[in-house]
Asker: 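Quick one: the structure is below, questions incoming.
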Protein chains: 2
Amino acid sequence: MKKVTINSVASYAGVSKKTVSRVLNNEPNVSAATREKVLAVFKELDYTPNPIARGLAQNRSFIIGCIYDNPSKSYITRVQTGALAACQENNYNLLIHPCELRGDALINNIEQLLQSSRLDGLVLTPPFCDFGELVDFLKSKKIPYARVASAILDDDSISVTSNDEQGAFEITEHLINLGHTSIAFIKGHPDHSATEQRFKGYRRALTTHGIEFNERLVEEGNFSYHSGVDSARSILDLSPRPTAVFASNDYMAAAVLKLATQRNLRVPDDISIAGFDNAPIARHIWPGLTTIAQPVEEMTKQAVTQLITHIIEPQESPYKVILEAKLITRESTAAVK
Amino acid sequence: MKKVTINSVASYAGVSKKTVSRVLNNEPNVSAATREKVLAVFKELDYTPNPIARGLAQNRSFIIGCIYDNPSKSYITRVQTGALAACQENNYNLLIHPCELRGDALINNIEQLLQSSRLDGLVLTPPFCDFGELVDFLKSKKIPYARVASAILDDDSISVTSNDEQGAFEITEHLINLGHTSIAFIKGHPDHSATEQRFKGYRRALTTHGIEFNERLVEEGNFSYHSGVDSARSILDLSPRPTAVFASNDYMAAAVLKLATQRNLRVPDDISIAGFDNAPIARHIWPGLTTIAQPVEEMTKQAVTQLITHIIEPQESPYKVILEAKLITRESTAAVK
DNA sequence: TTTTTTCATGACACCGGTGTCACAATAAGG
DNA sequence: CCTTATTGTGACACCGGTGTCATGAAAAAA
């Protein structure tokens with residue numbers, strides 16, 4: 001099995017390389033007859049263009065990078081799934097780049113990544129989508145990028161997000177409608193803009209329903225299960241104990257559930273628990289967690305599709321989409337007794 | 001910021017392209033003085049070779065692909081982490097390729113993947129590592145590959161695995177030592193060789209301790225949480241009810257725990273539950289799951305490192321490693337009352 | 001010292017595509 | 001019927017590296 005190059009196709013079809021290239025790229029100014037002929041030879045010789053050669057000639061890599069730093073494996077795989085779907089549709093590849101760095105070290109790391117991989121573009125997932133320094137750096141280097149799930153919308157970049165504030169509002173309202181007035185809240189990691197957004201939604205729901213905000217009911221978490229355990233301890237030690245807990249993500253909510261169960265509290269009879277994200281764990285534990293589902297795959301897919309579109313043909317107007325988050329009620333929340 | 005190519009470096013240093021190339025690749029036959037000079041220019045001009053051009057010249061892509069089909073997100077990310085670690089050390093990139101196909105469709109899909117991405121090699125994770133047809137196809141195409149966590153060892157390929165049979169033996173023995181004699185077992189997906197291995201370990205432990213194997217205690221699962229729920233239902237409906245359940249992975253074990261809890265059974269007082277894999281969920285639920293931890297990252301990292309080594313310089317002797325699995329005891333197992 | 005071998009280096013083609021431009025053939029305009 | 005556009009096509013350089021081979025200089029052997 002010898003390899004089939006554009007040269008073999010050209011000579012076999014009796015045309016020049018360039019003409020074959022034109023057919024490959026759907027360029028105009030090729031007669032229908034010639035196009036047919038060349039396409040037939042593609043089939044016959046089972047020809048696939050070499051993306052590396054193409055990349056060299058066009059100074060492209062056909063690879064986009066996805067940067068993340070997230071304790072939730074399910075979130076990461078959902079992001080990857082969405083990004084891959086978009087890549088496959090456009091004959092792009094996806095390079096994954098987990099990264100725990102911050103500040104200058106982050107910038108250096110990304111610079112090196114770009115240097116060594118010649119990525120055509122970057123997808124920034126939380127928390128990177130909200131790092132001004134990083135975004136400015138990419139802008140200065142003229143590297144196309146798209147932001148997923150960012151709260152910052154007043155800029156000129158591609159951004160697809162979901163409404164965290166509204167989601168948090170709705171789930172808090174759900175608890176309030178069940179009669180809860182003492183609702184503890186566990187914050188997420190301060191680097192993530194979602195942390196602020198979810199907190200805002202929580203407070204807005206309280207305000208809307210005339211419930212006074214109580215700072216003592218708020219705990220600082222960081223989205224990790226472990227931080228949820230610490231926060232849960234503080235909350236369950238409060239007296240009087242709140243009748244509900246809204247954790248900024250499902251892992252922390254699961255931690256609250258675990259600790260409550262260990263202390264022989266019945267959920268939801270003694271205490272209601274709500275999470276955020278609809279991670280797999282939300283339905284893998286008993287009772288299942290009431291939570292907010294976001295279309296993570298869809299967000300990422302749209303962002304990457306738009307990013308690739310932009311790479312191929314730079315757009316002037318930035319693509320901005322906000323998708324809906326949806327309340328999922330399970331067994332972990334119930335009316336206050 | 002103009003781009004720095006090998007040509008600019010060459011003219012700046014007053015040597016030829018080829019000499020620069022020699023320095024880049026640590027080739028011999030370059031005088032120390034010249035090497036120093038060129039290296040200094042690398043620094044000064046902040047030069048990074050273009051991997052695409054390099055790939056074209058050497059007919060390599062510096063990308064390896066990782067194929068998987070696994071319901072466990074945590075397993076996938078662990079595999080990725082290990083693979084990425086190895087890639088980064090060798091200036092390789094990782095292309096992820098989730099794939100749910102089987103049979104001819106699988107082969108076609110992989111063929112297309114190879115055609116369009118020009119991967120230098122492939123990492124096969126379960127269940128693909130055990131698909132003879134796929135392996136034969138790769139062999140016939142002379143695509144280097146490495147197998148991770150496969151039970152098949154009597155071939156001439158790169159393979160890094162852990163001892164599933166022994167792990168299953170140990171955890172079953174752990175239950176037996178706690179006084180359990182009626183231990184239900186939930187099998188995994190039949191495509192995975194681990195399914196067979198873990199079942200063997202379970203049976204060997206029974207035999208070793210003189211416990212008669214009872215087919216009615218064995219349920220067919222497929223590693224998914226959902227299948228665990230179905231299996232759990234059958235097992236908990238048995239009369240007499242087994243005093244312990246060993247599920248082939250943690251998701252199914254979590255399902256058993258959920259169902260048992262829903263039925264007001266106390267774990268481990270009324271029934272002990274053991275899993276396999278040490279997935280995050282094993283410690284995120286209450287009670288935490290007794291399970292077997294495998295060095296997934298390490299396995300994958302070794303496999304990929306070896307794969308890249310092989311790509312650079314084909315080895316004659318296949319690399320075979322079996323790593324140890326480790327019993328982790330948590331609260332879900334206890335002595336039978 | 002002369003011959004042979006080894007070493008350091010560069011010229012040049014090549015990897016497999018794409019961009020630019022020239023050019024002939026055809027179509028449209030006056 | 002003779003310009004002037006328009007269209008289809010190919011020659012050729014180029015993208016940024018690496019492989020092959022020739023060559024002159026230095027080192028080793030005779």
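Only heavy atoms go into these numbers, but all of them, side chains included; no hydrogens, no water, no symmetry mates. In what follows, chains are A, B, ... by sequence order, proteins preceding strands, each numbered from 1.
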Asker: Could you tell me whether A:Asp155 and A:Lys320 have a side-chain N and a carboxylate O separated by less than 4.0 Å?
Answerer: yes
Asker: Let's see if you can work this out: which of C:dG17, D:dG8, D:dG16 has an atom nearest to the side-chain heavy atoms of B:Leu56?
Answerer: D:dG16
Asker: If we ignore angles and hydrogens, is there a donor and acceptor under 3.5 Å between the side chains of A:Thr81 and A:Glu297?
Answerer: no
Asker: Please determine, for the side chain of B:Lys3, which listed nucleotide (D:dT20, D:dG16, C:dG19) has the closest atom?
Answerer: D:dG16
Asker: Look at A:Lys17 and D:dC12 and indicate whether a side-chain polar atom (N or O) is within less than 4.0 Å of OP1 or OP2.
Answerer: no
Asker: Would you say A:Asn50 places a side-chain N or O within less than 4.0 Å of OP1 or OP2 belonging to C:dG16?
Answerer: no
Asker: When all nucleic acid strands are considered with a 4.0 Å heavy-atom cut-off, which category describes B:Val20: base, sugar-phosphate, or nothing?
Answerer: nothing
Asker: Would you indicate whether A:Glu27, at its atom CD, is surrounded by more than 12 heavy atoms from other residues, nucleotides or ligands within a distance under 6.0 Å?
Answerer: yes
Asker: Using a strict cut-off of less than 4.0 Å between a Lys/Arg side-chain nitrogen and an Asp/Glu carboxylate oxygen, indicate whether B:Lys141 and B:Asp136 qualify as a salt bridge.
Answerer: no
Asker: Is there a side-chain polar atom (N or O) of A:Thr34 under 4.0 Å from OP1 or OP2 of D:dT9?
Answerer: yes
Asker: Kindly say if B:Thr5 contacts the phosphate of D:dC15, meaning a side-chain N or O under 4.0 Å from OP1 or OP2.
Answerer: no
Asker: Think A:Asn25 has a side-chain N or O under 4.0 angstrom from the OP1 or OP2 of C:dT18?
Answerer: yes
Asker: Out of D:dG17, D:dT9, C:dG16, which has the shortest distance to the side chain of A:Ile6?
Answerer: C:dG16
Asker: Using whole Å, what does the distance between atom P of nucleotide D:dG8 and atom CZ of A:Arg22 come to?
Answerer: 10 Å
